[in-house]
Amino acid sequence: MEGFEVLYPMGFDAFGLPAENYAIKTGIHPSIVVKKNIKNFTRQMKSIGFSFDWDRVISTTDENYYKWTQWIFLKMFENGLAYKAKIPINWCPKCKIGLANEEVVAGKCERCASSVEKKEKEQWLLKITKYAQRLIDDLDSVDYIERVKTMQKNWIGRSDGALIKFKIQSEKLKVNEDFLEVFTTRPDTLFGATFMVIAPEHVLIRNQESVISNREEVKKYVEMAKGKSDLERTESKEKTGVEIKGIKAVNPANGKEIPIFTADYVLTGYGTGAIMAVPAHDQRDFDFAKKYNLPIVRVIQPENQELRIKNQGLEKAFEDIENGIMVHSGQFDGMQALECIKKITLWLVEKKIGRPEVNYKLRDWVFSRQHYWGEPIPLIFCDSCKKLMESLKFKVQSSKFSEGEILNPGWVPIPEDKLPLTLPNVKKYEPTDTGESPLSKIDSWVNTKCPRCNSPAKRETDVMPNWAGSDWYYLRYCNPNNNQCLADPEKLKYWMPVDWYNGGLEHTTLHLLYSRFVYKFLWDIGAVPKEIGSEPYKKRTSHGMILGEGGEKMSKSRGNVVNPDDVIEEFGADVLRMYEMFIGPFNQAASWDTKSILGIKRFLDRVWLYSNKFKVQNSKFKIKEDVNVLKLLHQTIKKVSVDIESMGFNTAVSALMILSNELLNSADQKSFETFLILLSPFAPHITEEIWREVLGHKKSIFKEAWPKFDPNLIISKEAQIVIQVNGKVRDKIIMPAGTDELSAVQIALLSEKIQKFASKENIIKTIHIKDKLLNIVVK
RNA sequence: GCCCGGAUGGCGAAAUUGGUACACGCACAACACUUAAAAUGUUGCGACCGUAAGGUCAUGUGGGUUCGAGUCCCACUCCGGGCACCA
């Protein structure tokens, strides 16, 4: 209605666990269920009146779509961004299947309640960490709600610090044998490191096994830690750990021997999987030191004398680096802690015991799933190619092999012209008892020929995670049926980047970040035209969830699901739409309340009733234009226009109601029509009906131009000034617009109500905000 | 535990940058219409004191900054989202 061409697409992304689990339960093939559900969702969305472009619908489970999802994976492989590594999966020893995190409830298998273990498995990973810095930096160039930017930045989690080497020596031999490397953001606290903690998975435990004197105890602890998820390991308030006896570390700053512990609050995935513990200045280390009675050495003192006295008790770690002075730190004593970070890092480099380092929390993306219902990974493992690669060793760089093949010897990509690699039919959808995908049971599919050397070879049987399809769908919407490439570059240039992307907040760190990564990769390799820019989405907003009555998430098991079909049946689609918009702020969760829906129904009923006056009296029904109503009408045009842009739908509806309360007594046809146009995006069905059938217009209301407000009609000649005395409201006086402070005070002092509290004599000062407020401060 | 949000009448909520707290709607009550009910319309509706005029107190809790705080700062409580294999 404002004259723009708008691409507003809808599609279906149905690979993943829910469809697969349904198939396991019912034996119906996921593709059949997915088709059925898509049909139903489409019918429902159409009945609500969404203005999607139904010619561009895509489905990530279609062969013609996932052909390109597989193509993207091949490109990543080719460019060395995909690699195989051993990654633990959740393993249920009784069911003999791998479990998703969601299927593990409090460390137990959701189906059989036995304890879940970690099992190492070779899986494909994507090097998203290579893009970490760009994913942070480019956030400055997009218009995302602040909350989303913050969450992404924290998730990627850049920290600047230092890598420090600690020598390890066996207690008996006193010989330097090994070393432990730690990453720390606080090298300034090095002198305060009184012990070290390593993750239970740390290689040091294996490497030093022969000299560890309490081997059994350590092993037991390591086993126990295997059963816990990262979340469980870090969430427990009570820290646990075991000292690794028989070896010690040496603090390189002061040469002191310090004990080494293993504790599950240190994770392998972050940093080096080992930390130097500085109990005086880190709360977790502090709690650990208290529990195991370890020395706590204060190396930073509060600068402020008062704070210093308050802090002497050492009941808490002192983490305030901004206001700290170094103590007990040799040549660094007396320095500002903040400044000391730089100095001590330089010193580490000089002494060759450390160096500056940037670390990210972000981990590489595990891209394998041992399931059936996903895109097959289009790679083939060939033993003879592997042997050839190994024999070539140093010559491979100048060879015909891609980076991916060099990185993953023996893995050969399927030629692009053989895509899509379609999912074969299976009879059973459960993963196998080895933890492999059910695809591994289909010999005719697994056994194949190497596309490179024609030797017998085997297909990869893992499939891709659900995210794979949704990483690039915005590109496909621009050109949904292209068989030659992802999407025609000219079409991409026309539509991309996405102007406005709305989605749930729960997608902020995973889907949103993954898709930005994949887009950047495609942009780097030229699969997406350079002109579009390095970010796929210009603007990102998020909506809240509609909860069931009583504030709980709608779910079948709770029996509180509201079916839109029923609401539409009883009240109509427009009432449903407007109720959801009116329910509360767009970005906040809201509970469904069937009672409140009546307000919207009454509102639309009144509109309908009023419109019929124009019909009955054959358009002769006419009332003089009322200046005040006209002013309100133009204020509402402004309000509704602004609110739609900022997604203040609840206040836009409220503004329309306020206008209707005035207008629907006295409106002439012209004003009423303007009101209808304002209402049309909210209630498209009823407004179109009135527009054409009642008012007799030939063209659709949606062909009308969006109304513009007249600024002259909004300006007021008078203003109500709130008069406060000492900040308390004592009177409200109407004054001519633009009254200055002096006159306002004079007028205010004439008011009896004000005279009770203020007079010329006791005024200390006055604060005046033009046309709004006057505050008189008295003694 | 860590990261990000939120808390305002009986209820959903409003309050564009610190400037009239509770707009709009629901529920409730009274009245009108009706034989009656529903629907519709009109009016009232934060708490306390007061016939009223008016006053005092109120935006999760406790402190602070300010002429003035729902809004800013500090500490805390509770609730929601995320924590990498639900998507």
Side-chain angles (χ1 to χ4, degrees), chain A residues 13-18 21 87 89-90 98-104 123 128 146-155 157 229-237 239 265 269 283-284 361-371 465-467 470 504-511 513-514 542 544-545 547 551 553 579 582-585 587-600 602-603 605-606 609 639 642-643 646 648 650-651 653-658 661 720-729 731-732 753 756 764-769 772-778:
Chain A
D13 185 25
F15 271 137
L17 270 194
N21 284 341
I87 294 291
I89 59 166
N90 300 311
L99 298 173
N101 286 345
E102 200 192 39
E103 299 170 300
V104 181
Q123 309 208 57
I128 189 173
E146 228 18 74
R147 197 177 166 183
V148 167
K149 282 193 186 184
T150 313
M151 279 164 86
Q152 287 219 348
K153 271 186 198 154
N154 291 342
W155 181 261
S229 68
D230 284 5
L231 182 56
E232 286 170 308
R233 282 167 59 163
T234 47
E235 87 182 336
S236 54
K237 275 184 188 163
K239 310 252 174 306
Y265 78 93
Q283 194 57 43
R284 283 168 311 172
K361 278 207 192 82
L362 185 68
R363 306 202 293 260
D364 276 340
W365 176 11
V366 182
F367 205 68
S368 286
R369 299 289 183 274
Q370 294 74 46
H371 285 282
N466 173 270
W467 314 109
S470 59
L505 267 169
E506 71 275 17
H507 289 294
T508 304
T509 42
L510 299 180
H511 161 70
L513 198 68
Y514 290 151
S542 287
M545 213 187 293
L547 306 170
K553 209 169 167 173
Y579 171 63
F582 190 56
I583 201 166
N587 58 7
Q588 257 175 51
S591 310
W592 184 269
D593 180 16
T594 303
K595 271 193 220 150
S596 298
I597 225 174
L598 280 173
I600 299 289
R602 287 181 192 139
F603 166 69
D605 281 349
R606 278 196 292 270
L609 223 65
K639 172 84 178 148
V642 169
D643 280 356
S646 63
N650 55 334
T651 47
V653 172
S654 141
L656 287 168
M657 285 174 166
I658 293 168
N661 288 341
Q720 188 195 62
I721 313 288
V722 173
I723 316 291
Q724 297 181 333
V725 178
N726 287 350
K728 285 201 169 178
V729 179
D731 202 3
K732 295 161 194 175
K753 289 177 192 168
K756 273 162 75 180
I764 297 169
K765 67 168 173 176
T766 56
I767 288 122
H768 180 239
I769 293 158
K772 231 175 185 177
L773 175 134
L774 176 71
N775 187 11
I776 301 170
V777 185
V778 299

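Just so it is clear, the model here is predicted, and its values are computed rather than measured. Each chain gets a letter, A, B and so on, in the order its sequence line appears, and its residues count up from 1.
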Starting at atom CZ of A:Arg363, determine the distance to atom C1' of B:A84, rounded to an integer number of angstrom. 6 Å
For A:Glu506 and B:G80, what is the distance between atoms CD and P respectively, to the nearest whole Å? 16 Å
Applying the 3.5 Å cut-off to both distances, the Watson-Crick or G-U partner of B:U35 turns out to be none
Here the distance between atom P of B:C86 and atom CG of A:Asn466, to the nearest Å, is 11 Å
Counter-base of B:U16, judged by Watson-Crick or G-U geometry with both distances under 3.5 Å: none
Ring centres under 6.0 Å, that's the criterion: do A:Phe367 and A:Trp467 meet it? no
Would you say A:Arg233 places a side-chain N or O within less than 4.0 Å of OP1 or OP2 belonging to B:C83? no
For the P atoms, the ones on B:A29 and on B:U34, what distance do you get once it is rounded to whole angstrom? 22 Å
Could you check B:G64 for me: syn (within 90° of 0) or anti? anti
Rounded to whole Å, the CG-P distance (A:Asp230 to B:C85) equals 11 Å
State the pairing partner of B:C26; accept Watson-Crick or G-U wobble contacts with both distances under 3.5 Å, and report none otherwise. B:G10
What integer distance in Å separates A:His511:NE2 from B:A84:P? 18 Å
Protein-nucleotide distance (A:Lys639, atom NZ; B:A15, atom P), rounded to Å: 6 Å
When rounded to whole Å, the NZ to C1' distance for the pair A:Lys153 and B:C83 reads 20 Å
How long is the line joining CG of A:Leu598 and P of B:A38, in whole Å? 14 Å
Partner nucleotide, any strand, of B:G70 [Watson-Crick/G-U, under 3.5 Å]: none
P atoms of B:U16 and B:C11, separation to the nearest Å: 23 Å
